[in-house]
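Atoms considered below: every heavy atom in the structure, side chains included; atoms not considered: hydrogens, waters and symmetry mates.
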Amino acid sequence: MLSERFTQALTYAIQLHAHQVRKGSGVPYVAHLLGVASIALEYGANEDEAIAALLHDAVEDQGGAATREEILCRFGETVTAIVDGCTDADTTPKPPWKQRKEAYIEHISTASPSVLLVSAADKLHNSRSILQDYRLLGESLWERFQGGKTGTLWYYRALVDAYGKIGTMAIFEELARVVSQIENLASA
Ligand SMILES: Nc1nc2c(ncn2[C@@H]2O[C@H](COP(=O)(O)OP(=O)(O)O)[C@@H](OP(=O)(O)OP(=O)(O)O)[C@H]2O)c(=O)[nH]1
């Protein structure tokens, strides 16, 4: 069962990301955080993993080192280590896109099981959003992303391959299915 800590993390995540929206749409960013926490729980997350899912973009997007310190203080080392493992940049400005994404893919091979679960839940939620938006918007979807069509398709295929080398987990297989559907649409 989830305790009061989860409720506190939910409130904190909503406050942190209150003014942030998803790229190219007016959807409140918290929809992504709720989606990632929901997917992580459905694939067996414990409370620390579910809290980290809610806070996985907090350091990257909302305050860097100061926010990391607050998470450490309020939710402890286990949650902070998972958030660290899901963060592709905590500096402003962020390093170049390709360099960040390559580093993220590289670190999958050494990531803890908790980081793998939350990271895969994050990528699964984003890939489902891409598939849904691609069906609605067509090729103009890719203008949202720094990597464009080629870079974004490369990134998701590289993620699927990197998770696949870890082993066969249900969440990796679901991500692979969604990414294949995006690739099929892209080559149609
Ligand atoms: N699919 C999708 N992604 C969106 C949307 N709005 C914001 N994003 C975020 O955009 C990122 C991908 O955009 P890019 O331009 O390629 O990369 P960047 O933000 O990291 O520079 C994803 O980050 P990420 O690093 O892959 O994951 P995350 O850890 O930041 O969540 C995702 O979270 C949206 O409407 N759909």
For [X], check ring pair (Phe, Tyr, Trp, His ring centres under 6.0 Å) against everything at least two apart and list the hits.
{"X": "Y134", "answer": "W142"}
{"X": "Y163", "answer": "F172"}
{"X": "H17", "answer": "Y29"}

Please report the shortest heavy-atom distance between [X] and [Y], naming the atom on each side.
{"X": "A13", "Y": "L55", "answer": "CB-CD2, 4.0 Å"}
{"X": "V178", "Y": "S127", "answer": "CG1-OG, 3.5 Å"}
{"X": "V36", "Y": "A53", "answer": "CG1-CB, 3.9 Å"}
{"X": "A186", "Y": "L153", "answer": "CB-CD1, 3.8 Å"}

Contacts of [X] that satisfy side-chain contact (heavy atoms from CB on, under 4.5 Å) - sequence neighbours left out:
{"X": "R157", "result": "V160, D161, V179, S180, E183"}
{"X": "A158", "result": "I105, W154"}
{"X": "S38", "result": "E42"}

>> Once side chain to side chain donor-acceptor pair (under 3.5 Å) is applied, do any residues pair with Y156, and if so which ones, sequence neighbours excluded?
In response: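 Per chain and number, Y156 pairs via side chain to side chain donor-acceptor pair (under 3.5 Å) with no residue.
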
>> Going by the rule side chain to side chain donor-acceptor pair (under 3.5 Å), which residues pair with Q62 if we only count those two or more places apart in sequence or in a different chain?
In response: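 Once residues adjacent in sequence are excluded, the partners of Q62 under the side chain to side chain donor-acceptor pair (under 3.5 Å) criterion are Q20.
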
Taking the side chain from [X] and the backbone from [Y], do they hold a donor-acceptor pair closer than 3.5 Å?
{"X": "T87", "Y": "A89", "answer": "no"}
{"X": "N46", "Y": "E49", "answer": "yes"}
{"X": "R100", "Y": "D88", "answer": "no"}
{"X": "T110", "Y": "H107", "answer": "yes"}
{"X": "T11", "Y": "T7", "answer": "yes"}

>> Connecting only ILVMFWY residues whose side-chain heavy atoms lie within less than 4.5 Å of each other, what is the rest of I82's hydrophobic cluster?
In response: V115, V118

> Tell me, which pairs form a ring pair (Phe, Tyr, Trp, His ring centres under 6.0 Å) where one or both residues lie in residues 42-79, sequence neighbours left out?
Replying inline: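 Matches after skipping sequence neighbours: H32-H56.
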
>> Tell me whether E106 at atom CD has more than 12 heavy atoms from other residues, nucleotides or ligands lying less than 6.0 Å away.
In response: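 Atom CD in E106 is not packed in, count stays at 12 or less.
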
> Just one of E173, Q181, E174 clears the side-chain hydrogen bond (donor to acceptor under 3.5 Å, both in side chains) bar with R177, so which one?
Replying inline: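 Per the side-chain hydrogen bond (donor to acceptor under 3.5 Å, both in side chains) rule, the option paired with R177 is E174, out of E173, Q181, E174.
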
> side-chain hydrogen bond (donor to acceptor under 3.5 Å, both in side chains): which pairs involve residues 75-85, sequence neighbours left out?
Replying inline: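 Pairs touching residues 75-85 that pass the test: R68-D84.
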
> Does any pair with a residue in residues 12-31 pass salt bridge (charged side-chain N to carboxylate O under 4.0 Å, His left out), and if so which ones, sequence neighbours excluded?
Replying inline: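 Salt bridge (charged side-chain N to carboxylate O under 4.0 Å, His left out) check on residues 12-31 returns no pairs.
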
